[in-house]
Amino acid sequence: MGENLVIVESPAKAKTIEKFLGKGFTVKSSFGHIRDLSKKKLGVDTSNGFAPNYEISADKKKVVAELTAEANKSSIVWLASDEDREGEAIAWHLSETLKLDSSKTRRIAFHEITKSAILAAIDSPRDIDMNLVNAQQARRILDRLVGFELSPILWKKVQPKLSAGRVQSVAVRLIVDREREIAAFKATSFYKVEGSFIPEKLKSTVKGSVAKKFSDESQAKAFLESCIDADFSIASIETKDATRTPTAPFTTSSLQQEAARKLGFSVSQTMTIAQRLYEAGLITYMRTDSVNLSSLALGAAKEFITKEYGAAYSHTRNYKTKTKGAQEAHEAIRPTYISNTTIEGNAGEKKLYSLIWKRTIASQMADAKLEKTTATISAANVSEPFIAESEKVVFDGFLKVYIESTDDELDAEELGLMPAIKVGQKMNPKVITATEKFTSRPARYTEASLVKKLEELGIGRPSTYAPTISTIMKRDYVIKGDKKGEPRNFNTFTLKAGKISEEAKTEIVGNEKGKLFAENIGIIVTDYLSENFDSILDYGFTAKVEEDFDQIACGNKVWNEVIRDFYTDFHQTVEDKLNDRTHTHVERRIGVDPVSGKALIARIGRFGPLVQKGENDDPDKQFASLAKGQLIENITLEEALKLFELPRIVGSYQGQTITASIGRFGPYVKYGSSFVSLGKTLDPHSVTEEEAIALIEEHKLKESKKHIATFGDIEVLNGRFGPYIKQGKNNYKIPKGTAAESLNEESCREIIEKATNTK
DNA sequence: CAGTGAGCGAGCTTCCGCTTGACTT
């Protein structure tokens, strides 16, 4: 006895704190929550005040046993989980599960992991805040009730194994709504006029553009005509000072966005790499919604910047978190040691660390000072002036280390420098063009821009952004993919040497990479839920219940009354829907096959979305699966008919017919019983016999290389993850350090035996 | 693993948020 036990949530944190506290203190980790509602059952007694039934999670039994043993050995147990709703609940669950005596239990919290912060926390312990715990229980129970009552309705009404929830269903809705905005979008065209001018007595050119958009061809042409023989000159020059301020240091969400834009990382990639950096002690905690930096970090940044760039570049700033529902249990994401400009690690780790380092340093640097010059070029009888702009960096400030990226693909062009021009100076037009432009349709979400949107709506938490995205993809509600751009014609008029010429040009528009597309089942589920549970699909639903949770947290509302108010109506609707005996049959009649005269109908079948040729009672009706990216709600007759062209006979190879089609794993060619994937470049509708044969032979060559050795029933093969051993249907890993070529029958059998025994 | 779409029925699926490993053919 006499020992102190401190329990935190993360093992990496435990290690650091143990060093600060030294002798007499043991620091252990709970690895997050240790108890939860039953995994399979509802776990909430809805007829008895919504009493929750908690169970120790299977993977936490060991942790709980260890913590109990430690607690029994200690005279004081310090519950040091995070100081937010979830953290408070973890502390309470610990005190309940470990059966801690209140006289030997202390609740403490610190926002930064520094020795002084921890010692200060130890000096001012408090009791567990039951209001905050109850707010968490309300959150947990509401999510359980919504998830476990809505999902079974979908199993019955739409398809088994589907899921619905407060967060995921709204995330899907965002994507479905956007998909429909895109489908409904009609681009309108206008003309933009730009000109290059040569100032009199100078050699350089000045580029200017007309602010007004001309709504049609005749207006644009009329304007160009007015420019013929016009005497242009500088009407005014204005110079303005401007400043640019650095953005706040990273939160989980902004890190995910910038890592996607600058490094091309997916949301989950960013989190995995950040986790490794955190565990290596290189950065602070990566799941946070706070932009706050510790005083220690502020001091270190100031010292580093002053030493490295000079005092003029230092500007200590404290950022305030604006995000709805932010709980601020941690610091912003920053390097643990500001002076570590680079780290050891793999390429991804180095890049992500560097990004975090730059953003943190920049946030503590001075504003950039700019000088913006705007020159107006006009002429008599020309109705609109040309505006030329330039920008000069007078003092780079934070721009020395970091420039934030934007999602806007059509980012403003780089502004050049303005030559020495004066008011009244004659400007000779070199060329003036009127280009037809189009309004741009809404952009599909990327993983990162979806996270940004969810954060703005206050939906989801830093720890759930990445898992939410993988859930909605796993359910086939949405798919991450690319879309090829399509050609679009546009007109240009060019005024040069006093003559106007017209030219029709083509551009490729709508090319998209790594975007989230709505899938058929996502659309159907969203429509069903919006129709029957509109309040939950409402973008403001989370914000509304969060207000209630806040009221519970400050003691103004009672948690199970809040739940009851919600549940009574909700559950009634659930009951009504379960009993209404309808099944959602979403189908769309696309049109009629001009050859057979049969109807084409798109719907969901047992194996996914399909097109059916012929009515349901037609004994000769045919089926074809929809390709990835084709939607029931907007597939065209032409596209649908094309689906029935497959499988298509391409030719023959070694006396066997080659056919081409699209299967579960994409387009393929087949000869005999062998399949070869067509990859992304070849189309099964158009692949030629020569292409197919070339592919087949290439594939055969690869297959022959796949085989390393055979020992009786054992094979050594080259696989996706390198060489492995195969016996019958089972695969076995080759131990590290063993070369696949060096294996013989005996060593293979040893490996197999070892693997079988350890299972 | 490259097609499929009868009908019945037992048994299963599912939420959000807090945390790491274990494991991959």
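Throughout, protein chains are lettered first and strands after them, A, B, ... in sequence-line order, and every chain is numbered starting at 1.
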Cationic N near anionic O, under 4.0 Å, A:E615 to A:K621: no
Sugar-phosphate, base or nothing in reach of A:G32, heavy atoms under 4.0 Å: base
A:L162 CG - B:dC15 P separation (whole Å): 10 Å
Rounded interatomic separation in angstrom, taking CZ from A:R475 and C1' from B:dC15: 10 Å
Short side-chain N/O contact from A:T464 to OP1 or OP2 of B:dG17, under 4.0 Å: yes
Stacking of A:F31 on B:dC18 base (centres under 5.5 Å, planes under 30°): no
Passing candidate, salt bridge (charged side-chain N to carboxylate O under 4.0 Å, His left out) with A:K598, options A:D593, A:D618, A:D620: A:D618
Candidate nucleotides B:dT19, B:dC18, B:dC16, ranked by approach to the side chain of A:R287 - the nearest: B:dT19
Touch class at under 4.0 angstrom, heavy-atom based, for A:V167 against every strand present: sugar-phosphate
Closest to side chain of A:K60, choosing from B:dT13, B:dT19, B:dG5: B:dT19
Whole angstrom value for the distance that separates P of B:dG5 from CD of A:Q622: 14 Å
Between B:dG17 (P) and A:M271 (CE): distance, integer Å: 14 Å
Phosphate contact (B:dC15 OP1 or OP2) by A:S151 side-chain N/O below 4.0 Å: no
Distance-only donor-acceptor test, A:R144 side-chain atoms vs B:dC16 base atoms, 3.5 Å: no
OP1 or OP2 of B:dG3 under 4.0 Å from side-chain N/O of A:K670: yes
For A:D82, the option from A:K13, A:R287, A:R107 that meets salt bridge (charged side-chain N to carboxylate O under 4.0 Å, His left out): A:K13
Side chain of A:R166 (C-beta onward), nearest among B:dG21, B:dG17, B:dT19: B:dG17
Presence of A:Q275 side-chain N/O under 4.0 Å of B:dT20 phosphate oxygens OP1/OP2: yes
Sugar-phosphate only, base, or nothing, as touched by A:S29 at under 4.0 Å among non-hydrogen atoms: nothing
Residues in salt bridge (Lys or Arg N to Asp or Glu O under 4.0 Å) contact with A:E149, at least two apart in sequence or another chain: none
Value in whole Å for how far the C1' atom of B:dC16 lies from CZ of A:F541: 13 Å
Candidates B:dG17, B:dC18, B:dA2 - which lies nearest the side chain of A:Y285: B:dC18
Nearest listed nucleotide, side chain of A:H33, among B:dG17, B:dC15, B:dT19: B:dG17
Length of the line joining A:L646:CG and B:dT4:P, which is rounded to integer Å: 14 Å
Nearest-neighbour nucleotide for the A:Q168 side chain, B:dT13, B:dG17, B:dT14 considered: B:dT14
Atom-pair distance (CG on A:L145; P on B:dT14), nearest Å: 18 Å
Options B:dT13, B:dT14, B:dT20, nucleotide nearest the side-chain atoms of A:P11: B:dT20
Proximity to the side chain of A:E9 - top-ranked nucleotide from B:dG3, B:dC18, B:dC16: B:dC18
Phosphate-side-chain proximity, A:Y668 and B:dG3, N/O vs OP1/OP2 below 4.0 Å: yes
Phosphate OP1/OP2 of B:dC16: any A:R139 side-chain N/O under 4.0 Å: no
Contact summary for A:W559 and A:I552, nearest pair of heavy atoms: CA-CD1, 3.6 Å
Working for salt bridge (charged side-chain N to carboxylate O under 4.0 Å, His left out), residues A:E66 and A:K28: CA-CA 9 Å; A:E66 202 190 319; A:K28 292 281 170 193; 3.4 Å; yes
Ring centroids of A:F623 and B:dT4 base under 5.5 Å with planes under 30°: no
Sugar-phosphate only, base, or nothing, as touched by A:A164 at under 4.0 Å among non-hydrogen atoms: sugar-phosphate
Spacing of A:I601 atom CD1 relative to B:dG5 atom P, expressed in whole Å: 17 Å
DNA chain B: 5'-proximal contact among A:S661 and A:P462 (nearest heavy atom): A:S661
Touch class at under 4.0 angstrom, heavy-atom based, for A:G460 against every strand present: sugar-phosphate
Phosphate-side-chain proximity, A:S10 and B:dT20, N/O vs OP1/OP2 below 4.0 Å: yes
Positive for salt bridge (charged side-chain N to carboxylate O under 4.0 Å, His left out) with A:D36, one of A:K60, A:R140, A:K41: A:R140
Closest to side chain of A:R140, choosing from B:dG5, B:dC18, B:dC15: B:dC15
